[in-house]
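Side chains are part of it too, since the values below use all heavy atoms of this structure and drop only hydrogens, waters and symmetry mates.
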Amino acid sequence: MPARPAVTEAELEAHLRGICFKTGPPRRLGVEIEWLVHDAHNPRCPVDPVRHREAATALRALPLRSALTFEPGGQLELSSLPATSLTACIEAVSADLALVRPAMRELGLGMAGHGHNPWHPPRRVLTEPRYNAMEAYFDRWGHAGRSMMCGTASVQVCLDAGHEEPGPLGLGRRWRLAHLLGAVLLAAFANSPVSEGCPTGYRSTRQVVWSQMDPARTLAPSDGPDPRAAWAGYVLDAPVMCVRSDDGPWDAPEGLTFRDWVRTGAPRPPTQEDLDYHVTTLFPPVRPRGHLELRMIDAQPGDGGWIVPLAVTAALFDDPEAAESAYRVVKPLAETAGSRPAPRNPLWRHATRGALTDPELRAAALACFTIAQEALPRLGAPAEVREAVAGFTERYVARGRCPADDLLDGAYGDEAYAHGAYGAGARAGESVPAAAPPGPAEVAEAAEPAEVAGPPGAAPAPPEPVPRPPGAPPVGTADAPHENELTLGKDSL
């Protein structure tokens, strides 16, 4: 472990304020994309850990520009380098994917864009001390932590923090825009309505899972005029997930906040490196890491499904005219959100369950996507990107739909279930295969269920279902001699 001397509470707070928001003109853009790895011929067949290791070895040999990592359940992640334009970001990641996908196909593996695993219960592949500690910590809140670690995937868009000065590209405005527009992006791109072949009653089961975990590290920081102060307080007051050790488990006393750790110096005095590591265990919907990391978008279907959320988000944040217009559109949503932080406020709950069947979210989404389409030419987006955004808008947003609705159409229609989106004949990696369940999946009670109400027009749903897969095998069952052979998941988890 780092041997740098312990530091004071004031020094740590100053450190957080200095690194969380690095201001200046928005110039750079990045994206982190996750996929569920599955058997290319039968996605319902779990992938053996040996095949995961073979894939890791093959992919690490490729000349990729993006960082390649794996999450605890074997999800594959590509994290782009910061790009100076939307076009450059898309071109770089697309070039890497042109190498990754054929290599995976040669191994008989596919990459599926679903926000939550629609086939299997959570099963951990990586058994590093970080994930052992994480699993034990989140188990205090139920089973959602295991589902998050091993069964979720997302498209995370990374944006510069913005100017120090006020204005449409200012830090404070972008921070607030991210938390209001975040609900619109969640709804428009919701793509995880299924767990173990059964509809869960939510368009974004992934977001339900996140909202059920430790609120001290998964809710947004308190709203206020100074995002830096809010974030520094949030970090120091969050419970410590693990105290790293060179030997033995990474245990932490239950209820110990980082602030408590600094003040007591037990179980050992913390260092600045401990604080930096602690930050990587915090998962609010928008995480400031010098830049802004938007974490609310489900993984998307199709080879290029990730491009549309990246393009729309970049247009609404980085084009000054679009940013001002988008803020005016989403500002009234604050009344629906109320005083509670995302994702446990009514606005985010409506987005999670009903997505764009909610009239308010549908109107906001249509306005924002229209604004984004107008801004994309000003950002130099190529014609194919503009066409992809226009196609998504017409197919989904204008109709009050999201990608999850395609899967629900298959789930609720017998013929479609047998032959369409859920059918065994569907193309692997692009849709959910039939998985006729023996009965309803066991579910855990949703956090504060009384506040989660289905909006008008929502698809039929069982009351407040949150996935708790039946018969889940013990987590952390990868072969012990090979437990470290996969590249560790970067600190997205």
Taking it one step at a time, do Arg217 and Thr281 satisfy side chain to side chain donor-acceptor pair (under 3.5 Å)?
CA-CA 8 Å; Arg217 66 188 345 104; Thr281 70; 2.8 Å; yes
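- Legend: residues meeting ring-ring contact (aromatic ring centres under 6.0 Å, His included) with Trp175, ordered by chain and number and at least two apart, are Phe21, His179.
- In this structure, Phe138 has no ring-ring contact (aromatic ring centres under 6.0 Å, His included) partners at least two apart in sequence or on a different chain.
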Do Leu219 and Arg340 pass the side chain to side chain contact (heavy atoms under 4.5 Å, CB included) test, and can you show the C-alpha distance, the side-chain angles, and the key distance before you say yes or no?
CA-CA 9 Å; Leu219 296 187; Arg340 305 200 66 184; over 6 Å; no
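- Arg268 has a carboxylate O that lies under 4.0 Å from a charged side-chain N of Asp274, or vice versa, which qualifies the two as a salt bridge.
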Set out, in order, the CA-CA distance, both residues' side-chain angles and the distance that settles salt bridge (Lys or Arg N to Asp or Glu O under 4.0 Å) for Arg174 and Asp318, then state yes or no.
CA-CA 10 Å; Arg174 287 164 75 84; Asp318 288 352; 3.0 Å; yes
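- At least one test fails for Arg124 against the ring of Tyr131: distance under 6.0 Å to the centre or angle within 45° of the axis.
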Atom pairs and distances, donor-acceptor, side-chain atoms in residues 380-394, under 3.5 Å, two or more places apart:
residue: Arg386; atom: NH1; partner: Ala381; partner atom: O; Å: 2.6
residue: Thr393; atom: OG1; partner: Gln373; partner atom: NE2; Å: 3.4
residue: Thr393; atom: OG1; partner: Val389; partner atom: O; Å: 2.8

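- Legend: salt bridge (charged side-chain N to carboxylate O under 4.0 Å, His left out) pairs involving residues 251-260, not counting sequence neighbours, sorted by first then second residue: Glu9-Arg259, Asp237-Arg259.
- There is a side-chain donor-acceptor pair under 3.5 Å between Thr205 and Thr200.
- The side-chain hydrogen bond (donor to acceptor under 3.5 Å, both in side chains) test applied to Arg27 returns no partner, not counting sequence neighbours.
- For Ser80, the side chain to side chain contact (heavy atoms under 4.5 Å, CB included) partners two or more places apart in sequence, or in a different chain, are Val31, Ser66, Cys89, Val93.
- A salt bridge between Glu324 and Arg173 is present, with a side-chain N of the basic residue lying under 4.0 Å from a carboxylate O of the acidic one.
- Inspection of the His350 and Thr336 side chains reveals no N or O donor paired with an N or O acceptor under 3.5 Å.
- Between Arg228 and Glu164 there is a salt bridge, with a side-chain nitrogen of the basic residue lying less than 4.0 Å from a carboxylate oxygen of the acidic one.
- Taking a cutoff of 4.0 Å between a charged side-chain nitrogen and a carboxylate oxygen, Asp223 and Arg176 qualify as a salt bridge.
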